[in-house]
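Read the structure below first, then the notes.
Counting begins at 1 with the first residue of the sequence. Computed from a predicted structure; not experimentally measured.
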Amino acid sequence: RKDYEAILNPLQIELVEMQRWAQQTGQRIVILFEGRDTAGKGGAIKAFNNCLNPRGCRTVALSKPNDVELTQWYFQRYAEHFPCAGEIVLFDRSWYNRAGVEKVMGFCTDAQHQQFLDDAPTFERMLVRDGIRLFKYWFACNQVEQEKRLRERAEDPLKRWKISPIDLAARERYDEYTKAREQMFEHTHIK
């Protein structure tokens, strides 16, 4: 823990300076936190939130789409949460749900998945061209570590809320998630 905090503290100071810069210059910053269940997305987001001013930084963690959102353009429900000048928005999962959980768990069709892979780079280029600074982070852990962390969550009454039926079903599909991730990287990695 001591080593972790020694590394974390200077990085958090940089984050505070970055937030001040964003506010002074009107920058709009979007940071995506994606990855496997239990891989550390929540801890990373917490490290950001612990040092940043909540007046200029917010976290978006959307639930599954409602009936109206299911009829909208796929990216629409995310776009409505984008930052205004001087603001940072952290997405705890994002439009990349379509490339991972929706693909593997059968929540989208093959055609919807392929359209996402085709459209995501164009969508992200549009954001960047409009001046949004977009950062994407992928978190991973191996299957043994994932199982260990899921057991810890199941045993801790304060962390049980972090386990959903989807998380439990996903345990049997580790390799499918890996294939979906590789396909996503291949199609959506852009300079």
Hey, mind stepping through F82 and F91 against side chain to side chain contact (heavy atoms under 4.5 Å, CB included) and telling me if it holds? CA-CA 10 Å; F82 284 172; F91 278 90; 3.9 Å; yes
Would you check, one step at a time, whether the test salt bridge (Lys or Arg N to Asp or Glu O under 4.0 Å) holds for E87 with R58? CA-CA 8 Å; E87 189 176 32; R58 59 189 163 87; 2.7 Å; yes
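Between atom CG of residue D37 and atom CD1 of residue I163 there is a gap of 10.0 Å, rounded to the nearest 0.5 Å. In this structure, M105 CE and E176 CD are separated by 8.5 Å, a value rounded to the nearest 0.5 Å. With rounding to the nearest 0.5 Å, the separation of CG in L62 from CZ in R93 is 12.0 Å. If you take CD1 on I45 and SG on C57, they are separated by 9.5 Å, rounding to the nearest 0.5 Å. R98 CZ to Q112 CD: the interatomic distance, rounded to the nearest 0.5 Å, is 4.5 Å. With rounding to the nearest 0.5 Å, the separation of NZ in K41 from NZ in K46 is 15.5 Å.
The cationic atom of R36 (NZ for Lys, CZ for Arg) does not lie both less than 6.0 Å from the six-membered ring centre of Y177 and within 45° of the ring axis.
Across W95, Y96, Y78, a single residue satisfies ring-ring contact (aromatic ring centres under 6.0 Å, His included) together with F116, and that is Y96.
Ring geometry for F123 against F75 counts as parallel: the plane angle stays under 30°, on a 0 to 90° scale with 60° as the upper cut.
At a threshold of 4.0 Å, the pair E152-R149 does not count as salt-bridged, since none of the basic side-chain nitrogens sits closer than that to a carboxylate oxygen.
Among all heavy-atom pairs drawn from H113 and C108, the shortest one is CB-SG, 3.9 Å.
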